[in-house]
Amino acid sequence: MKTYFNIRYEFDRQAVLKAIDSRLSRPGADYISVADGVILETANRVPEYLDVVNSGMFAICDSSYVPMYIRLIYGEHYSQYCGAQIFRDIVSARRYRMIFLGTQQDILDSLRENISAWNPDVAGMKFVELPFRTVEQFDYPAIASLIEQDGADIIWIALGAPKQEYFMHRLRPHLSHGVMIAVGAAFKFYSGLGEKRAPRWMVRSHMEFLYRISQEPKKQIRRCTHIVTSLPSLLISEYRRKKSASSSTL
């Protein structure tokens, strides 16, 4: 686990899965953020949100560009581990009881049907639509009671960033067990309804953002504009951080 651009990342897939097992073996609950470009930009603009992202176990890297920037500045090589992939890895493993929270019921119903092909146990798990409200308005004790009664180990959250990270942060004190993971659009990807994942060749070519723009122009252009305009200062700050760290070791 290392900190880049002020976010504590774990890039290694096996280390992520081992950390989840380790956390589940101890009392208490925790959460993992899935940090894409939107979360990176927002966290570095809003100190409270940065604290929320870093207060969990760690963040996994859902941006294909962050590993490129790290390689450019530090010469270190990492890979993206996106929300859609960790979702598929954990569901397919058939190791945990899970609960799925968020989004609309039709998406949840279609998601259950589709991912049951990876893991037949999913048919007996709960898929719960959360009401549309602000993060302050949720009844966290009631939601925690539902999860505790279910006995879920993995709590999947899909409310969209930054709402889902604030949600996990507020829910954690009410839980005695479990690892929450905020997977954003993964529910829609795998439900077959609404938003779809970009073709594999676009993901490999770091062009997924173009596909997202074609699907939701207004929303994605606004997001991309924030990311692009903040990028120079992020890169300069990270380069200076590297130089400062190098000087201190001399």
Side-chain angles (χ1 to χ4, degrees), residues 3-10 16 29-66 69 80-87 100-104 107 128-140 143-144 147 154-175 178-189 194-195 197 208-209 212-213 215-231 233-234 237-238:
T3 299
Y4 297 103
F5 304 103
N6 296 310
I7 291 179
R8 294 191 304 109
Y9 285 108
E10 178 55 76
V16 170
D30 218 325
Y31 61 86
I32 294 171
S33 297
V34 179
D36 61 3
V38 174
I39 290 178
L40 174 65
E41 185 275 327
T42 307
N44 278 280
R45 178 167 46 84
V46 182
E48 178 192 21
Y49 184 55
L50 178 63
D51 183 62
V52 166
V53 170
N54 282 335
S55 291
M57 293 168 61
F58 45 74
I60 63 170
C61 183
D62 194 5
S63 168
S64 64
Y65 286 95
V66 167
Y69 303 149
Q80 175 189 21
Y81 190 22
C82 67
Q85 188 59 57
I86 192 174
F87 183 78
F100 304 76
L101 305 179
T103 195
Q104 296 90 359
I107 291 175
V128 181
E129 180 180 6
L130 294 175
F132 182 76
R133 54 187 54 174
T134 67
V135 73
E136 295 83 9
Q137 293 173 329
F138 284 107
D139 186 344
Y140 292 100
I143 294 170
I147 295 168
I154 303 294
I155 302 122
W156 296 108
I157 312 290
L159 292 172
K163 188 175 185 178
Q164 60 196 10
E165 287 74 38
Y166 284 116
F167 178 90
M168 294 191 297
H169 188 68
R170 286 171 176 258
L171 181 58
R172 178 172 59 181
H174 300 282
L175 293 172
V179 172
M180 295 173 278
I181 309 175
V183 289
F187 282 20
K188 292 183 179 179
F189 290 157
E195 192 172 350
R197 188 82 197 274
E208 186 173 8
F209 72 98
R212 293 283 189 93
I213 289 173
Q215 299 295 300
E216 298 179 292
K218 187 175 180 180
K219 174 182 175 181
Q220 296 301 334
I221 287 174
R222 183 179 68 252
R223 286 184 164 186
C224 288
T225 299
H226 287 314
I227 292 170
V228 169
T229 54
S230 69
L231 182 58
S233 62
L234 279 175
S237 295
E238 193 67 17

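Excluded from the calculations below are hydrogen atoms, water molecules and symmetry mates; all remaining heavy atoms, backbone and side chain alike, are included.
Rounded to the nearest 0.5 angstrom, Tyr4 OH and Glu238 CD are separated by 8.5 Å. Of the inter-residue distances, the one linking Glu48 atom CD with Thr42 atom OG1 reads 12.5 Å to the nearest 0.5 angstrom. Between atom CZ of residue Phe138 and atom CG of residue Leu130 there is a gap of 5.5 Å, rounded to the nearest 0.5 Å. In this structure, CZ on Phe187 lies 7.5 Å from CD1 on Ile157, to the nearest 0.5 angstrom. Put simply, CG on Leu40 and OH on Tyr69 are 8.5 Å apart, with the number rounded to the nearest 0.5 Å. Going from atom CG of Asp51 over to atom NE2 of His169 covers 6.0 Å, rounded to the nearest 0.5 Å.
Taking every heavy atom of both residues into account, Gln164 and Gly184 meet most closely at OE1-N, 3.4 Å. A pairwise comparison of heavy atoms in Cys82 and Asp62 identifies CB-OD1, 2.7 Å as the closest pair. Across Gln104 and Glu129, no two heavy atoms sit closer than the pair CA-OE2, 3.8 Å. The two residues Ala182 and Glu165 come nearest to each other via the heavy atoms CB-OE2, 3.7 Å. Summarising the geometry of Val53 relative to Ala59, their closest heavy-atom pair is CG1-CB, 4.5 Å, with the distance given to 0.1 Å. Of all the heavy atoms in Arg45 and Pro47, the pair that sits closest is O-CD, 3.6 Å.
Contact check for Tyr9 versus Val66: side-chain heavy atoms found under the 4.5 Å cut-off. With a 4.5 Å cut-off on side-chain heavy atoms, Ile7 and Leu50 count as touching. Ile39 places a side-chain heavy atom less than 4.5 Å from the side chain of Tyr49. Between Ile154 and Phe87, the closest side-chain pair of non-hydrogen atoms is not below 4.5 Å. Under the 4.5 Å side-chain criterion, counting only non-hydrogen atoms from C-beta, Tyr166 is not in contact with Leu159. In this structure the side chain of Ile143 reaches within 4.5 angstrom of the side chain of Phe167, judged on heavy atoms. With a 4.5 Å cut-off on side-chain heavy atoms, Met180 and Ile32 do not count as touching.
One N or O on the side chain of Arg8 and one on the backbone of Met57 form a donor-acceptor pair closer than 3.5 Å. Between the side chain of Ser33 and the main chain of Ala35, no donor-acceptor pair closer than 3.5 Å is present. Using a distance-only test at 3.5 Å, with no hydrogens or angles considered, no donor-acceptor pair links the side chain of Asn6 to the main chain of Asn54. Without hydrogens or angle criteria, Gln137 side chain to Thr134 main chain gives a donor-acceptor distance under 3.5 Å. Judged by distance alone, with hydrogens and angles left aside, the side-chain atoms of Asn44 form a donor-acceptor pair with the main-chain N or O of Phe5 at under 3.5 Å.
Here Glu10 pairs with nothing under the salt bridge (charged side-chain N to carboxylate O under 4.0 Å, His left out) rule; sequence neighbours left out. Residues meeting the salt bridge (charged side-chain N to carboxylate O under 4.0 Å, His left out) test with Arg172, sequence neighbours left out: Asp30.
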TODO: Check the pair Tyr31 / Leu175 against side-chain contact (heavy atoms from CB on, under 4.5 Å), numbers first and verdict last.
DONE: CA-CA 11 Å; Tyr31 61 86; Leu175 293 172; over 6 Å; no
